[in-house]
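Order of appearance sets the numbers: ligands from 1, and atoms from 1 within every ligand. All values below were derived from every heavy atom in this structure, side-chain atoms included, with hydrogens, water molecules and symmetry-related copies excluded.
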Amino acid sequence: MKSLQIRLTAIALGLFLVFSFAHNTQAQVAGWTIPAKFKTTKNPVASNKESVADGKELFAKHCKSCHGSAGLGDGPKAATLDVSCGDFSSKKFQATADGEMFFQMTEGKGKMPSFKKLIPEDNSRWAIVNYLRTLAAK
Ligand code: HEC
């Protein structure tokens with residue numbers, strides 16, 4: 001009886017491993033699980049003066065309180081959180097694909113809110129991505 005249980009557990013574990021490898025379509029970005037397709041999703045909003053200005057306005061309204069005016073993660077609300085908000089000026093963050101940033105602000109994670117409903121227009125969130133690019137350290 002016991003050995004049957006062990007064998008069934010082993011089979012279940014084996015199936016689980018095969019399944020996890022076969023379905024490896026998720027990427028880990030700084031602790032986020034992001035569906036792989038977002039790595040190559042093209043930003044439909046061209047980065048120009050207008051979209052960057054739109055993104056900047058939305059950032060000031062919805063993001064600055066935590067992420068800080070320069071995106072360094074030092075907004076007034078950040079001090080009340082037990083997790084880091086990240087540093088948008090960093091090379092590491094700027095290596096994140098546009099689609100991955102779009103996913104992050106759309107879905108949120110833990111203390112980071114989801115903006116799917118707060119900023120319902122997809123193109124507005126893409127405009128914020130364009131603004132986040134301007135925060136890269138010079
Ligand atoms: C209430 C505070 C708060 C607000 C408001 C907020 N964020 Fe965040 N954000 C966080 C926190 C905390 C994290 C880190 C989450 C984690 O790793 O668990 C984060 C992470 C992120 C990341 C990933 C950073 C990285 O290093 O990979 C992006 C992108 C982001 N936020 C964009 C935005 C945008 C854009 C807005 C506004 C539309 C916004 N956030 C508003 C708290 C906030």
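Comparing His62, Lys64, His67 against atom 31 (N) of ligand 1, the shortest heavy-atom distance belongs to His67.
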Given side-chain contact (heavy atoms from CB on, under 4.5 Å), test Thr96 with Gln104 step by step and report yes or no.
CA-CA 10 Å; Thr96 310; Gln104 288 172 314; 4.0 Å; yes

Mind running side-chain contact (heavy atoms from CB on, under 4.5 Å) on His67 and His62 for me, showing each step along the way?
CA-CA 10 Å; His67 287 283; His62 296 282; over 6 Å; no

What verdict does the side-chain contact (heavy atoms from CB on, under 4.5 Å) test give for Leu132 and Met105, after you've listed the backbone C-alpha separation in whole Å, the side-chain angles of each residue and the deciding distance to 0.1 Å?
CA-CA 11 Å; Leu132 297 185; Met105 66 180 84; 4.0 Å; yes

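Every atom of ligand 1 is numbered from 1 in the order shown, and the set under 4.0 Å from a heavy atom of Pro113 is 3 (C), 4 (C), 6 (C), 7 (N), 43 (C). Applying the 4.0 Å criterion to heavy atoms of Phe115 picks out, from ligand 1, the atoms 36 (C), 37 (C), 38 (C), 39 (C), 41 (C). Which parts of ligand 1 touch Met105 is read off a 4.0 Å heavy-atom cut-off, strictly below it: atoms 35 (C).
At a heavy-atom cutoff of 4.0 Å, ligand 1 is contacted by the side chain of Trp32 but not by its backbone.
In this structure, the protein non-hydrogen atom closest to atom 34 (C) of ligand 1 is Cys63 SG, 3.4 Å. Nearest non-hydrogen protein atom to atom 26 (O) of ligand 1 is Phe93 CD1, 3.8 Å. Closest protein heavy atom to atom 12 (C) of ligand 1: Val83 CG2, 3.4 Å. Counting only heavy atoms of the protein, atom 17 (O) of ligand 1 lies nearest to Lys109 NZ, 2.8 Å. The nearest heavy-atom contact from the protein to atom 23 (C) of ligand 1 is Gln104 NE2, 3.4 Å. Remark: minimum distance from atom 2 (C) of ligand 1 to any protein heavy atom is reached at Cys66 SG, 1.8 Å.
Taking 4.5 Å as the limit, some side-chain heavy atom of Arg133 sits within range of a side-chain heavy atom of Asp98. Within the 4.5 Å cutoff, the side chain of Asp82 has heavy atoms near those of the Lys111 side chain. Contact of the Asp54 side chain with the Ser124 side chain is not registered, since no non-hydrogen atoms from C-beta on lie closer than 4.5 Å. Residues Lys64 and Lys56 are not in side-chain contact: their nearest non-hydrogen atoms beyond the backbone lie 4.5 Å or more apart.
The closest approach between Thr96 and ligand 1 stays at or above 4.0 Å for every heavy atom of the residue. Residue contact check for ligand 1: Phe88 places a non-hydrogen atom closer than 4.0 Å to it. Within the structure, ligand 1 has Ser84 among the residues with a heavy atom less than 4.0 angstrom away.
At least one N/O/S atom of Met112, from backbone or side chain, sits under 2.8 Å from atom 8 (Fe) of ligand 1.
Counted by atom type alone, Thr106 and Arg125 present one or more donor-acceptor pairs between their side chains at under 3.5 Å.
With Trp126 as the fixed residue, the ring pair (Phe, Tyr, Trp, His ring centres under 6.0 Å) test singles out one of Tyr131, Phe115, Phe102: Phe102.
Below 30°, between 30° and 60°, or above 60°: for Phe38 and Phe103 the angle between ring planes is between 30° and 60°, a tilted geometry.
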